[in-house]
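These notes concern the structure reproduced below.
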Amino acid sequence: MTSRSLSHTSWFAVIGAALLSGLILWETARYARSVALDDIRVRSAYTLDLVVENLRGELAKYSFQPRLLASSTILADALRRHPDEPTIDRANSELERINEVTGALATYLMDKEGLTVAASNWASDKPFVGRNFSFRPYFKEAMQGRLGRFSALGTTSGERGYYFAHPVRDAGKTIGAVVVKMAVARLETAWRASDDVVLVLDEEGIVFLSSKPEWRLNAIAPLTVAARKRLSETRRYAGEPHHQLSLSRAPDSNIIEIGKNDLPGTPNTAGKSHKYLAISAPMNEAGWRVLILADASGVASRVQIALLVVGFMLASAFLASLNIYQRRRRLNERLELQETAKSELEVKVLERTKDLSRAVARLRAEVSERQRAEEELRQTQEELIQASKLSALGRLSAGLSHELNQPLTAIRNYAENARIFLSRQNTATADANLGSIVEMGERMARIIRNLRTYARNEPVGSRPARLCQAIRNAIGLLQPELRKADIDMSLDFSDEELMVVGGDVRLQQVFVNLISNAIDSMTGAPRRQLRVSVELHTTEVAIAIADTGPGIKTADINRVFDPFFTTKEVGEGTGLGLSITYGIVNQFGGRISANNNDDGGATFTLTLQRAESNREAAE
Ligand code: ADP
């Protein structure tokens with residue numbers, strides 16, 4: 001998901017979830033309602049069974065009494081034509097006695113015209129005796145030879161009762177009927193304790209018995225004209241008006257709604273209508289229908305609780321999925337960011353790599369440039385060394401020619417003298433002269449050998465070199481100048497064979513340069529002493545060349561190794577000697593420094609590494 005707003009798919013999911021939730025809630029309500037109603041139905045069916053059984057039992061108790069009474073001769077006598085007063089009295093007493101035993105409301109005897117001839121309540125203030133009840137259906141049924149049954153309000157007593165009537169026969173002919181009026185009011189008192197409303201309706205739909213007294217004698221449905229006619233003919237409820245109860249019933253259920261104000265005494269105090277679950281059973285033998293109205297107001301709250309629980313679960317599920325969805329979205333966004341960052345990083349890395357390879361190429365070019373420059377420098381250095389050597393050679397040549405001329409002159413003299421002594425047969429002296437000639441020759445050969453070594457072009461690099469030999473060779477080369485300048489030369493070293501890291505030729509050149517400078521500085525000086533001393537250390541050797549010249553000016557002391565620095569006259573100094581010396585010593589891995597002595601003059605100190613063979617011996 002790329003956009004921050006919901007995509008089409010998500011909208012579909014939301015709408016789908018909403019529809020599904022609606023469906024679930026609707027089903028929940030339906031199910032909760034049916035479960036709640038089932039509960040009520042089961043309970044009220046049980047109540048209904050109890051009520052019906054109870055009614056049947058009560059009715060059964062009285063149903064057979066009239067039949068028993070019909071066989072009584074006392075009663076039959078009272079129905080015979082013109083009974084005398086004692087017969088009627090006997091019948092009254094008998095009925096009163098029996099009524100007392102059975103606990104009926106009244107027990108009485110009617111003749112075939114419907115006139116009451118004797119009654120249990122003959123002595124009461126509202127006796128039935130003398131009253132005609134022929135309009136009552138139970139009388140008619142009895143006169144037709146059947147057991148008459150009827151529920152009605154007493155026209156004399158105003159008391160509800162259930163009537164059983166049985167024909168009284170004499171010689172096969174029906175001469176009257178005996179009637180037992182059973183009390184029903186006490187049945188209702190037992191129902192009052194019940195939460196449910198218990199109603200007993202008659203055939204016309206009028207409430208005959210009710211757990212709620214206020215509902216009595218009200219009609220639950222509009223009375224038809226025929227019904228009204230029947231009621232007035234039978235005087236069933238003694239002309240009492242019947243209030244019409246508006247019980248509306250949902251078409252597909254047994255829920256009965258009782259409107260407000262319709263039923264005084266219903267628990268609709270808030271002025272609302274009240275709902276009941278209705279369940280009924282017929283009691284055909286009594287002409288009744290028993291109706292139980294179970295309070296269904298709790299159904300709504302049970303449905304509400306179920307809806308709340310399921311709604312809460314749905315809301316939790318919705319929140320959980322929202323949470324998961326948001327987490328996934330955040331994760332996707334983060335992944336996208338990471339992807340972008342990664343590709344940006346890759347681009348950067350590529351750029352950097354390119355930069356780096358360019359830098360590497362530049363560095364390589366620079367390195368090869370440096371190498372070439374270094375090579376050129378090295379070559380120039382070598383050429384310089386060579387050039388400076390040649391210039392030194394030129395400088396030396398004057399002294400050297402003198403040095404060579406001297407033995408040559410001596411050789412000539414010795415040779416001439418030897419010839420003279422030989423001619424004089426003085427062979428001994430001639431031999432001595434020849435010996436001197438040989439000696440001179442050797443000396444000349446040594447000078448020339450030194451010169452040859454000096455002029456040789458030695459390859460760059462370090463190898464073991466003989467220190468003392470290099471010093472002696474340099475001194476040998478500079479002998480004519482030393483002598484000419486009248487310099488007192490002293491050497492101070494213990495080990496003739498000492499080896500240092502260097503190269504024979506270049507080391508010799510170093511000493512030629514340093515000793516030449518010392519000779520130059522002491523020319524015309526009052527004290528002319530040159531001292532070369534060697535000091536041994538574990539890995540190094542320090543060689544000091546100290547003169548007694550004027551020394552170096554303090555300002556110049558750091559510049560003497562600079563190329564072309566010279567204090568000498570034009571044509572006398574090049575200013576290259578010390579700089580070349582410095583370079584050579586560096587090549588050997590050594591050091592060189594210049595100092596002024598306390599008692600005048602300068603000392604150049606050279607530090608060289610001892611060659612491996614020496615160092616091992618020393619250790
Ligand atoms: P050059 O000898 O051709 O002048 P160098 O490089 O050999 O060149 O010497 C540079 C300078 O160092 C000299 O001109 C001199 O002034 C000074 N110098 C070198 N050696 C000595 C020394 N022993 N005493 C005093 N000054 C010296």
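Numbers here are sequence positions counted from 1. First listed ligand is number 1; within each ligand, the first listed atom is number 1.
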Numbered atoms of ligand 1 (with element) below 4.0 Å of F565, judged on heavy atoms: 10 (C), 11 (C)

Whether R531 side chain and S490 backbone form a donor-acceptor pair below 3.5 Å: no

Per atom 16 (O) of ligand 1, closest listed option by heavy atom (D562, T567, N596): T567

Polar proximity ligand 1 side, N517 side, N/O cut 3.5 Å exclusive: yes

Min side-chain heavy-atom separation T539-Q609 under 4.5 Å: no

Contact partition for D547 relative to ligand 1, non-hydrogen atoms under 4.0 Å: side chain

Residues R302 and D39 bridged, charged N to O under 4.0 Å: yes

Exam field: side chain T548 to backbone R527, donor-acceptor pair closer than 3.5 Å: yes

Contact check, F561 vs ligand 1, heavy-atom distance below 4.0 Å: no

D547 (side chain) donor-acceptor with G549 (main chain) under 3.5 angstrom: yes

For atom 6 (O) of ligand 1, the option (of T566, I552, L578, T603) bearing the nearest heavy atom: L578

G575 to ligand 1, any heavy atom closer than 4.0 Å: yes

Backbone N/O of G575 and side chain of S579: donor-acceptor pair under 3.5 Å: no

Interfacing atoms of ligand 1 (cut-off 4.0 Å, heavy-atom, V560): 12 (O)

